[in-house]
Student: 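Mind looking over this structure? Questions follow.
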Amino acid sequence: MKGSGSTKPLSGMRDFLPADILRRRHVIRIVEQVYESYGFLPIETPAIENLSTLLGKYGDEGEGLLYRVLHRRDKLSRALESDSVTQKDLSSEGLRYDLTVPLARVVAGHRGRIPRFFKRYQIQPVWRADRPGKGRFREFFQCDLDITGTGTVLADVEVLHAASGVLQKLGFTDFRIRLNHRELLTSLIRRAGIPLELEQSALVALDKLDKIGEQGVLDELGKRGVSAETASRLLDLAGKKVNAQGAGVQIDGEELDESGTAALERIREILEAASTGPAADHLEVDLTLARGLGYYTGAIFEVAVPDLAGSLGGGGRYDGLIGIFGGESVPAVGFSLGLERLLVVMEERGMFPELSTGPDVLVCGFPDVPHSLLLKVAMSLRQEYARVELFPEPGKKLGQQIRYADELGAREVVIVGMDEISRGVLQVKDLSTGEQREWTWDPDGSAS
RNA sequence: GAGGGAGUAGCUCAGUUGGUUAGAGCGCCGGAUUGUGGUUCCGGAAGUCGGGGGUUCGAGUCCCCUUUCCCUCCCCA
C-alpha cells in the first residue's frame with residue numbers, strides 16, 4: 001500500500017477494531033464460562049519474564065523464537081563497551097513464550113497462598129518471533145487451564161473435558177483429540193534401538209508422520225543420525241494399531257518394557273474415565289503424536305479440525321516443570337486453546353451469532369435544541385437502554401443523522417425537537433420497521 | 001528455514017506492443033424549495049501507480065535491488 005507502511009502494525013501483530021473485539025469477546029466469554037464451571041479460577045502474569053525463567057524449557061526451536069528485551073542505559077552501554085559481547089550480556093529478560101512456564105513459576109513461588117490442588121485458567125497474549133501465516137501470529141492469545149498438585153487420571157480427564165466443553169459450546173462438532181504418552185514414546189524409541197541422546201530428535205521427526213509421510217520421516221531420521229534400520233523399526237512400531245477395546249489397551253503383538261506398559265495403562269485409564277462427557281467421542285490414540293515443547297512427561301494431547309493445518313490447542317502432563325523452580329516437585333497437567341485459531345476457523349465457517357456494534361438508540365436533535373437538553377434526554381434514556389449514543393453534531397440535517405444511525409446499526413433513533421419538548425414528548429423511530437411513535441418525557445422525570 | 005503469487009484511490013480491481021492532465025465500481029463528503037434513513041438523480045474530494053536505482057525523448061507498463069502482504073511446506077496455539 002502506502003510507501004512507508006507506518007500505519008500498519010508490526011508483522012504478525014494486529015489492531016483489533018470494535019467488530020473484531022466483539023468476536024474475540026464472544027469466544028473469551030464462553031471460554032471463561034466453561035472453565036469456571038469446572039472450578040478453574042483466573043490468574044494473570046506479567047508479559048516480561050526473566051530469561052532464566054524462560055530458557056531451557058521449550059527446546060531449541062522454541063528458544064530461537066523467544067523475544068528478548070534489550071538492557072537499557074548504563075547496563076547496555078557497559079555491555080557494548082566490552083570486547084566480546086555475547087547475547088547474554090545484552091539481555092536478561094524476554095517476552096513470555098507461553099503461559100505454562102509462568103504458571104509453573106507462580107506455583108513454585110506462591111506455595112502456601114494457593115490451594116493444594118490449584119485449578120487456574122489464564123487468557124493472555126504470548127509472543128513468538130515466528131513467521132506469520134494463516135492462524136499464526138507473533139502476538140496471540142492462549143486460553144490455558146491447568147491443574148497442579150495432583151497426578152491423577154481424574155485431573156488429566158477434567159482438563160480434556162473442559163477444553164472439549166469449550167469447543168462444543170462454541171459449536172465445534174468435528175474436532176479430534178489425539179492422545180499419546182511421552183513414556184510410551186520413549187519406550188518405543190528404546191525398543192527400536194535408537195540411542196537415548198537421539199530421543200528428542202526422533203520424537204520431532206516422528207511427529208511429522210501425518211504431514212510428510214513415511215519416507216519423509218525416514219529421511220528426517222536419517223538426517224538426524226538415526227540408522228536406516230532402527231528408523232524403519234521405529235516407524236513400524238508407531239504404525240502398530242493400538243487396541244483400545246474392552247478392558248485393555250494393547251499394541252498389536254509387541255512386548256513393552258515396564259514404563260511403556262505403565263504408560264499404556266495410563267492411556268487406557270484416561271479413555272475409560274473420559275468415556276462419557278464432552279471429550280468422549282473425540283479422543284483417539286495416536287502413537288505418532290510427540291509435541292514439540294520439552295517439558296511434557298506424561299500424557300500429551302493435541303486437538304485439531306480438518307480445515308486447519310495447525311492445531312486448535314494442545315497440552316499434556318508436565319510433572320517435572322514446577323520443581324525446576326525450586327522446592328518440592330509438583331505434578332501438573334494442562335491444556336491450551338489458541339484463541340485466534342478458534343477465531344480463524346469460526347470466521348471461515350460462519351459460526352458467530354449476530355454481533356452488532358451499533359447502539360440501541362441514537363439521539364438526534366435539531367439545531368435549536370439546547371445542548372443541555374439533548375444531554376438530558378440521552379441521560380434519561382440510559383435508564384432504559386444499555387447503549388445510548390448522542391449524535392454529536394445537531395446542526396446536521398435530520399436525514400443525515402438518521403442515515404448515520406442506520407450505518408451504525410442502531411435499532412432506534414430518538415428525535416428531539418422543540419415542538420415535541422413543549423408538548424412533553426419525544427419521537428421514537430424504529431429503524432427496521434420505520435414505525436414512529438411518541439413517548440411522553442419531561443425534563444425532570446424520565447421517558448416512558 | 002523452503003517454494004509460489006501479488007503490491008495502482010479508504011475497499012475490489014482495470015490500465016492494450018512503453019506515448020499527452022492515471023480510470024471504473026463500491027465507499028466517503030455535499031446537494032435535489034429550509035424537521036425524517038436504507039431507493040434514485042446531480043456534484044465533489046481523494047493516488048509521488050509499495051520504495052530506490054537503471055534503460056529511454058518519454059516508464060504504472062521494460063531491467064536490477066529492496067520492502068510488505070497472501071498461499072503452500074516446516075513448526076506450533
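Quick note: numbers below take in every heavy atom, side chains included, and nothing from hydrogens, waters or symmetry partners. Proteins come first, then strands; the chains are lettered A, B, ... in the order of their sequence lines, and each starts at number 1.
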Student: How close or far is atom P of B:U36 from atom CG of A:Asp419, stated in whole angstroms?
Tutor: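 Distance check: A:Asp419 CG to B:U36 P gives 13 Å.
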Student: Under a 3.5 Å limit for both distances, which nucleotide forms a Watson-Crick or G-U wobble pair with B:U36, could you say?
Tutor: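 Paired with B:U36, as far as the under-3.5 Å criterion goes, is no nucleotide at all.
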Student: Run the ring-centre check on A:Tyr35 versus A:Tyr121 and record whether the distance is less than 6.0 Å.
Tutor: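 Judged by ring-centre distance (under 6.0 Å), A:Tyr35 and A:Tyr121 do meet the cut-off.
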Student: Scan every strand shown for a Watson-Crick or G-U wobble partner of B:C11, both distances under 3.5 Å, and answer none if you come up empty.
Tutor: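 B:G25 - that is the nucleotide pairing with B:C11, both distances being under 3.5 Å.
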Student: Is B:G1 paired to anything, Watson-Crick or G-U wobble with both distances less than 3.5 Å, and if yes, which nucleotide?
Tutor: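 B:G1 is paired with B:C73.
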Student: Is it true that A:Glu438 and A:Lys429 make a salt bridge, defined as a side-chain N closer than 4.0 Å to a carboxylate O?
Tutor: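 No, no charged N to carboxylate O under 4.0 Å.
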Student: Pick the P atom in B:U8 and in B:G52, then give their distance to the nearest Å.
Tutor: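 Result for the P pair: 16 Å, nearest Å.
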Student: Can you check the A:Ile421 CD1 to B:G35 P distance for me, whole Å?
Tutor: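 After rounding, the gap between these two atoms is 18 Å.
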Student: Thinking salt bridges, do A:Arg14 and A:Glu139 make one under a 4.0 Å N-O criterion?
Tutor: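 No salt bridge links A:Arg14 with A:Glu139.
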Student: Applying salt bridge (charged side-chain N to carboxylate O under 4.0 Å, His left out), can you list everything that pairs with A:Glu412, at least two apart in sequence or on another chain?
Tutor: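 With neighbours one apart ignored, the set is A:Arg437.
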Student: What integer number of Å spans the P atoms of B:C41 and B:G4?
Tutor: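 Roughly 48 Å separates the two P atoms.
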Student: Counting side-chain heavy atoms from C-beta on, which of B:A2, B:U36, B:G37 comes nearest to A:Arg131?
Tutor: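 Nearest listed nucleotide: B:A2.
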Student: Taking the C1' atom of each, how far is B:U17 from B:U12, in whole Å?
Tutor: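 One C1' to the other, the span is 28 Å.
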Student: Can you tell me how far C1' of B:A77 sits from CG of A:Asp98, to the nearest Å?
Tutor: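 Going from A:Asp98 (CG) to B:A77 (C1'), I get 10 Å.
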Student: In plain terms, say whether A:Lys396 and A:Glu393 are close enough for a salt bridge, that is, a side-chain N and a carboxylate O under 4.0 Å apart.
Tutor: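 Answer for the salt bridge query: yes.
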Student: Determine the interatomic distance between C1' on B:C28 and the same-named atom on B:U66; round to the nearest Å.
Tutor: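 These two C1' atoms come out 34 Å apart once rounded.
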Student: Where the side chain of A:Glu340 is concerned, which of B:A77, B:C73, B:G38 is the nearest nucleotide?
Tutor: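 When the side chain of A:Glu340 is considered, B:A77 is the closest of B:A77, B:C73, B:G38.
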Student: How far does the P atom of B:U39 sit from the matching atom of B:C26, given to the nearest Å?
Tutor: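 Comparing P positions in B:U39 and B:C26 gives a spacing of 11 Å.
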Student: When every nucleotide of nucleotides 26-33 of chain B is labelled 5' to 3' by its protein contacts under 4.0 Å (heavy atoms), B for base, S for sugar-phosphate only, - for none, what sequence of letters results?
Tutor: --S-SSS-
Student: Closest nucleotide of RNA chain B for A:Gly133 versus for A:Gly338: which of these residues is on the 5' side?
Tutor: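 Going by which nucleotide is closer to the 5' end, it is A:Gly133.
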Student: For the pair A:Arg349 and A:Asp174, find out whether any cationic side-chain nitrogen is under 4.0 Å from an anionic carboxylate oxygen.
Tutor: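 Looking at A:Arg349 and A:Asp174, the cut-off is met.
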Student: Can you tell me how far P of B:A77 sits from CD of A:Glu302, to the nearest Å?
Tutor: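 Result: 7 Å.
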Student: Name the nucleic acid region contacted by A:Gly434, choosing base, sugar-phosphate or nothing; use a 4.0 angstrom heavy-atom cut-off, strictly under.
Tutor: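 Contact class for A:Gly434: base.
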Student: In whole Å, what is the span from the CG atom of A:Leu10 to the P atom of B:U67?
Tutor: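 In whole Å, B:U67 P and A:Leu10 CG are 16 Å from each other.
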Student: Report the base-pairing partner of B:G19 (Watson-Crick or G-U wobble, both distances below 3.5 angstrom), or none.
Tutor: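 Paired with B:C57.
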Student: Measure NZ/A:Lys134 against P/B:C74 and give the value in whole Å, please.
Tutor: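 For the pair A:Lys134 NZ and B:C74 P, the rounded distance is 14 Å.
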Student: When you check the phosphate oxygens OP1 and OP2 of B:U68, does a side-chain N or O of A:Ser11 lie under 4.0 Å from one of them?
Tutor: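 Negative; the distance criterion is not met.
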Student: Kindly indicate whether the side chain of A:Gln436 and the base of B:G37 share any N or O donor-acceptor pair separated by less than 3.5 Å?
Tutor: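 No such pair is found, so the answer is no.
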Student: Salt-bridged, A:Asp156 to A:Arg317, with N to O below 4.0 Å?
Tutor: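 Here A:Asp156 pairs with A:Arg317 in a salt bridge, since their nearest N and O are under 4.0 Å apart.
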Student: Determine whether a donor-acceptor pair (N or O, by modelled atom type, separation under 3.5 Å) exists between the side chain of A:Lys57 and the backbone of A:Leu55.
Tutor: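 Yes; at least one donor-acceptor contact below 3.5 Å.
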Student: Across the strands shown, which category fits A:Leu312 at heavy-atom distances under 4.0 angstrom: base, sugar-phosphate, nothing?
Tutor: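 Counting heavy atoms under 4.0 Å across all strands, the contact made by A:Leu312 is with sugar-phosphate only.
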Student: Of all the choices, B:C73, B:A77, B:U36, which nucleotide is nearest to the side chain of A:Phe137 once you look at every atom?
Tutor: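 Of the options given, the side chain of A:Phe137 lies nearest B:A77.
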Student: If I pick the C1' atom on B:G27 and the same atom on B:C13, what distance separates them, to the nearest angstrom?
Tutor: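 Roughly 14 Å separates the two C1' atoms.
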Student: Do A:Asp406 side-chain and B:G37 base share a donor-acceptor contact under 3.5 Å?
Tutor: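 A donor-acceptor contact between them is present.
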Student: Output the rounded distance in Å from CD1 (A:Ile402) to C1' (B:U36).
Tutor: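 These atoms are roughly 4 Å apart.
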Student: Name the nucleic acid region contacted by A:Glu139, choosing base, sugar-phosphate or nothing; use a 4.0 angstrom heavy-atom cut-off, strictly under.
Tutor: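 Here A:Glu139 touches no strand at all.
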Student: I'd like to know if A:Glu284 pairs up with A:Arg178 as an ion pair, taking the criterion as any Lys NZ or Arg NE/NH1/NH2 lying under 4.0 Å from an Asp or Glu carboxylate oxygen.
Tutor: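 So A:Glu284 does not pair with A:Arg178 through a salt bridge.
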Student: Whole Å only: how far is the CD atom of A:Gln401 from the P atom of B:G37?
Tutor: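 It works out to 12 Å between those atoms.
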Student: Using the P atoms only, state how far B:G19 lies from B:C29, rounded to an integer number of Å.
Tutor: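 Result for the P pair: 36 Å, nearest Å.
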Student: Taking B:A6 as the reference, what is the distance to B:C49 when you measure between their C1' atoms (whole Å, please)?
Tutor: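 Those two atoms are separated by 14 Å.
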